[in-house]
Asks: 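Below is a structure I'd like to ask you about.
So that the names make sense, note that chain A is the first sequence line, chain B the second, and so on, each numbered from 1.
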Amino acid sequence: MTDIRVRFAPSPTGYLHVGGLRTALYNYLFAKKNNGKFILRIEDTDRNRYVEGAVENLIKALKWAGLEYDEGPDAGGDFGPYMQSQRLEIYKKHADELIAKGHAYYCFCTPERLQSLREEQEKQKLPQAKYDKHCLSLSKSEVEKKLQSDIPHVVRLNVQPNQRIVFDDIIRERVEFDSSNVDDQVLIKSDGYPTYHLANVVDDHLMQISHVIRGEEWLSSTPKHVLLYDAFGWKRPKFAHLPLLLNPDKSKLSKRQGDVAVEDYRDKGFLKDALVNFVALLGWNAGDDKEFYCMNELIEKFSLERVNKSGAVFDLQKLNWLNAEHLRKMDDQIILQLLKREILNSEFPVSPDASRSGSILNLPDNYLLQVISAMKERVSFVKEFITTCQYFYTAPVEYEQKSVEKNWKTDTPEQLKKLREAFASLNNPSKEDYEHTLAKIAEELNIGKGKLIHPLRLAVSGQSTGPGMFDLLFILGKDEVVKRIDTAIEKIVLRDGSF
RNA sequence: GGCGCAUUCGUCUAGCGGUCCAGGACGCCGCCCUCUCAAGGCGGAGAUCACGGGUUCAAAUCCCGUAUGCGCUACCA
């Protein structure tokens, strides 16, 4: 059996599209599962679309998602370079070979002639616009002469009409085309750069790619590629054309209808594990009910045979759910590292005149770990996590009108004072100590614990929702709790004046 | 227009001739738990399996048409 070698071959458009992420992921999973190699190749043959920094961006996003490649522009490999713009001579050589064999030919037609040809064919209502092989009839000497005098030219594939082109696709099984529907595709552009079709086939062969796993948008041009493999006398790789990712309205996933760049999701606080998990499930499943996967499990279970045929809508709600699910199951220590890194290298606002303990980065780890386990259940995003943590530590407590109305009763100040005294007398209290203390007072006052907890939450956090009450008290610490109760009584009574 | 690919709850999907008057998940609704929000538990609504013909004792599952959607149709990938 030949070695499994697959590649992700994006053109650098500026960012990694989530559809591209899925394509890369399937390639990666397939390679890892089969002990193969996963290769990154940059298809930068369109000089007009060159974007500064696009390659670096792409690589960054890929690595963030955990898709490490075995060979690539910055990873080395025996088949390099892995940027097509650096392999121009290779394509030139192979184009020459095709010309010599009669499978390709020079074409000197001007864009203007091609344009009018198309218009003419349009007018005649021909089923499709195709190049008319005009330059194929040029004699050898004519071609020589034009070449000598530097007339702009391209190299075209010489397609023989009326032939059946059949190939197998792992996902779609057998696909057939009639070569009469295949145009004499340009192989080398007039600027000397190859088109996708040539570069792709040549590189896939030279790099010994065994499986071409790519988006469905390439299915229609596969006959051209097949023709090229045959013309060179090369063995065809196995093809697998993946279903497309769709907008909610079922059109191809696009920027207009939401975020498409993986960096957008990363910046919003989505976990890479969640994004990867989610995107893996868009068009593939193991055949059981399992939906929560980590990368290793995906590798273990993945198979191309179980990839679906039809497009899948990118459903943000399900992504949100998976993200929360991953966050909940994540180890506290790892979240801690993540939060610190996020805070350190993000633009997250740390209020300079924070009236309290300062940035949560100043807190000891064991405290932060407490925060994390207290927050884990209710916070689903890394960003939200930070905001919430930061809020409890540094933001001046703002009393929301709504919460005050809901939780501040006439007898609240008295009750809070009782709590305050009781808490103040505690020595280095634990969560349980707070709970027992509060329970005792509730009993004395002959009221339910909830009657105390809600006003206390308001006093201490300014909000009516948050982490578990006793977690919060413990995290804030006795002194802070006492101080906040005092502030609350003072502020809310003053503000309202009526109590 | 031509060529190609697809079509099961709103969405992601299971299903590869009988176990399906179609199962799971997200979302939605209700109840329970509860110090809030979540989480969790339980239950519910939600798909004439795009439509029409076949084949078969039997079809979501096989075949053929139609419709719809999407992709390609560039010296873009």
Asks: Using atom C1' of each nucleotide, how far apart are G71(B) and C75(B) to the nearest Å?
Replies: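 Their C1' atoms lie roughly 22 Å apart.
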Asks: Measure the distance from CD on Glu173(A) to P on C63(B) and round it to the nearest whole Å.
Replies: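 In whole Å, C63(B) P lies 10 Å from Glu173(A) CD.
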Asks: Would you find a donor on one side and an acceptor on the other, under 3.5 Å apart, between the side chain of Asn277(A) and the backbone of Glu291(A)?
Replies: yes
Asks: So, does Asn308(A) get its side chain near the phosphate of A6(B), meaning an N or O under 4.0 Å from OP1 or OP2?
Replies: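 Result: no.
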Asks: Taking CZ from Arg47(A) and C1' from C76(B), how many angstroms apart are they, rounded to a whole number?
Replies: 14 Å
Asks: For nucleotides A39(B) and A47(B), find the distance between their C1' atoms and express it as a whole number of Å.
Replies: 30 Å
Asks: The side chain of Phe177(A) is closest to which nucleotide in this list: C3(B), U13(B), G69(B)?
Replies: C3(B)
Asks: Classify the nucleic acid contact of Thr45(A) as base, sugar-phosphate or nothing, counting any heavy atom under 4.0 Å across all strands shown.
Replies: sugar-phosphate
Asks: To the side chain of Gln317(A), which of A14(B), G27(B), U11(B) is closest?
Replies: G27(B)
Asks: When every nucleotide of nucleotides 30-42 of chain B is labelled 5' to 3' by its protein contacts under 4.0 Å (heavy atoms), B for base, S for sugar-phosphate only, - for none, what sequence of letters results?
Replies: -----BBBBS---
Asks: Just to be sure I understand the rule, does Lys125(A) reach a base, reach only the sugar-phosphate, or reach nothing, if contact means heavy atoms closer than 4.0 Å?
Replies: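 Nothing, no nucleic acid heavy atom in range.
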Asks: Could you state the NZ-P distance from Lys250(A) to G69(B), rounded to the nearest angstrom?
Replies: 12 Å
Asks: Give none if C16(B) has no partner; otherwise give the nucleotide forming a Watson-Crick or G-U wobble pair with it, both distances under 3.5 Å.
Replies: none
Asks: Establish, for the pair Lys146(A) and Phe108(A), whether the NZ or CZ atom is under 6.0 angstrom from the six-membered ring centre and no further than 45 degrees off its axis.
Replies: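 Because its charged atom sits under 6.0 Å from the ring centre and within 45° of the axis, Lys146(A) does stack over Phe108(A).
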Asks: For G24(B) versus C70(B), give the span between their P atoms, rounded off to a whole number of Å.
Replies: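 It comes out at 32 Å once rounded to the nearest Å.
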Asks: Please check this pair: side chain of Asn27(A) against backbone of Thr23(A), looking for a donor-acceptor N/O pair closer than 3.5 Å.
Replies: yes
Asks: Heavy-atom nearest nucleotide on RNA chain B for Val175(A) versus Phe108(A): which residue maps closer to 5'?
Replies: Val175(A)
Asks: Tell which nucleotide pairs with A50(B), taking only Watson-Crick or G-U wobble pairs whose two distances are both under 3.5 angstrom.
Replies: U66(B)
Asks: Given atom CD of Glu216(A) and atom P of C70(B), what is their separation to the nearest angstrom?
Replies: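 Roughly 12 Å, once rounded to whole Å.
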Asks: Please find out if less than 6.0 Å separates the ring center of Phe381(A) from that of Phe270(A).
Replies: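 Between Phe270(A) and Phe381(A), which both carry aromatic rings, the centre distance is below 6.0 Å.
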Asks: Closest to the Lys189(A) side chain: C72(B), C76(B), G4(B)?
Replies: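 Of the candidates, C76(B) comes closest.
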Asks: Just compare U11(B), G15(B), C76(B) and give me whichever is closest to any side-chain atom of Val313(A).
Replies: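 Side chain of Val313(A) sits closest to U11(B).
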Asks: Evaluate whether atom CD of Glu443(A) has more than 12 neighbouring non-hydrogen atoms of other residues, nucleotides or ligands under 6.0 angstrom away.
Replies: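 Open: at most 12 neighbouring heavy atoms sit under 6.0 Å from CD of Glu443(A).
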Asks: Just how far, in rounded Å, is P of C72(B) from CD of Gln185(A)?
Replies: 14 Å
Asks: Please check the phosphate of A77(B) (OP1 and OP2 only) for any side-chain N or O of Thr13(A) closer than 4.0 Å.
Replies: no
Asks: Picking from G24(B), C75(B), G4(B), which would you name as closest to the side chain of Arg118(A)?
Replies: C75(B)
Asks: Answer yes or no: is there an ion pair linking Asp183(A) with Lys133(A), defined by an N-O contact shorter than 4.0 Å?
Replies: no
Asks: Given atom CD of Glu291(A) and atom P of G27(B), what is their separation to the nearest angstrom?
Replies: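 The answer, rounded to whole Å, is 11 Å.
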Asks: Is it true that the NZ or CZ of Arg156(A) lies under 6.0 Å from the centre of Tyr131(A)'s six-membered ring and within 45 degrees of the ring axis?
Replies: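 Relative to the ring axis of Tyr131(A), which defines the angle, Arg156(A) lies inside both limits.
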Asks: Please give, in whole Å, the distance from G2(B) C1' to Glu122(A) CD?
Replies: 11 Å
Asks: Using only side-chain N and O atoms of Asn181(A), determine if any of them is under 4.0 Å from OP1 or OP2 of G2(B).
Replies: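 Answer no for this pair, as no side-chain N or O of Asn181(A) is under 4.0 Å from OP1 or OP2.
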Asks: Between C33(B) and U19(B), how many Å separate the two C1' atoms, rounded to a whole number?
Replies: 37 Å
Asks: Against Asp230(A), only a single residue in His103(A), His225(A), Arg236(A) fulfils side-chain hydrogen bond (donor to acceptor under 3.5 Å, both in side chains); can you say which?
Replies: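 Between Asp230(A) and the candidates, side-chain hydrogen bond (donor to acceptor under 3.5 Å, both in side chains) is satisfied uniquely by Arg236(A).
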Asks: Paired with C26(B) by Watson-Crick or G-U wobble geometry, both distances under 3.5 Å: which nucleotide is it?
Replies: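 The answer is G10(B), by the H-bond criterion.
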Asks: After noting the C-alpha distance and the side-chain angles of Phe278(A) and Trp321(A), does the key distance pass the ring-ring contact (aromatic ring centres under 6.0 Å, His included) rule?
Replies: CA-CA 10 Å; Phe278(A) 174 65; Trp321(A) 168 74; 9.8 Å; no
Asks: Atom CZ of Phe278(A) to atom C1' of G27(B): distance rounded to whole Å?
Replies: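 From Phe278(A) CZ to G27(B) C1': 12 Å.
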Asks: Please measure how far the C1' atom in A50(B) lies from the corresponding atom in U7(B), and state the result in whole Å.
Replies: 6 Å
Asks: Can you check the distance between U55(B) and A14(B), where both ends of the measurement are the C1' atom (answer in whole Å)?
Replies: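 The same atom, C1', in both gives a distance of 26 Å.
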Asks: When rounded to the nearest Å, what value does the distance between C1' atoms of G10(B) and G27(B) take?
Replies: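 These two C1' atoms come out 8 Å apart once rounded.
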Asks: In the strands shown, is A45(B) matched to any nucleotide by a Watson-Crick or G-U wobble pair with both distances under 3.5 Å, and which?
Replies: none
Asks: Check every strand shown and say whether Pro111(A) touches a base, only sugar-phosphate, or nothing at a heavy-atom separation below 4.0 Å.
Replies: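 The answer is base, as Pro111(A) lies within the cut-off (heavy atoms under 4.0 Å) of a base atom.
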Asks: Lys318(A) or Pro243(A): which one's nearest nucleotide on RNA chain B is closer to the 5' end?
Replies: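 The answer here is Pro243(A).
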Asks: Would you measure the distance from the P atom in A38(B) across to the matching atom in C26(B) and give it in whole Å?
Replies: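 Here A38(B) and C26(B) have their P atoms 16 Å from each other.
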Asks: Indicate whether OP1 or OP2 belonging to G15(B) is found under 4.0 Å from a side-chain N or O atom of Arg306(A).
Replies: yes
Asks: Is there a Watson-Crick or G-U wobble partner for A39(B) with both distances under 3.5 Å, and which nucleotide is it?
Replies: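 Base-paired to nothing in any strand shown.
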Asks: So what does Pro12(A) touch, heavy atoms closer than 4.0 Å: a base, only the sugar-phosphate, or nothing?
Replies: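 Nothing, no nucleic acid heavy atom in range.
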Asks: Are Asp315(A) and Lys318(A) close enough for a salt bridge, meaning some N to O gap below 4.0 Å?
Replies: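 Between Lys318(A) and Asp315(A) there is no salt bridge, as every charged N stays at least 4.0 Å from the carboxylate O atoms.
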Asks: How are the rings of Phe177(A) and Phe167(A) set relative to one another: parallel (under 30°), tilted (30 to 60°) or perpendicular (over 60°)?
Replies: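 Ring orientation, 0 to 90° scale: parallel.
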Asks: Applying the Watson-Crick and G-U wobble criteria at under 3.5 Å, what pairs with C3(B)? Answer none if nothing qualifies.
Replies: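 Across all strands, the one nucleotide that pairs with C3(B) is G71(B).
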Asks: Side chain of Ser310(A) only, please: which of U11(B), U7(B), G2(B) is the nearest?
Replies: U7(B)
Asks: Compare the minimum distances between each of C72(B), A6(B), A77(B) and the side chain of Lys309(A), then state the nucleotide with the smallest one.
Replies: A6(B)
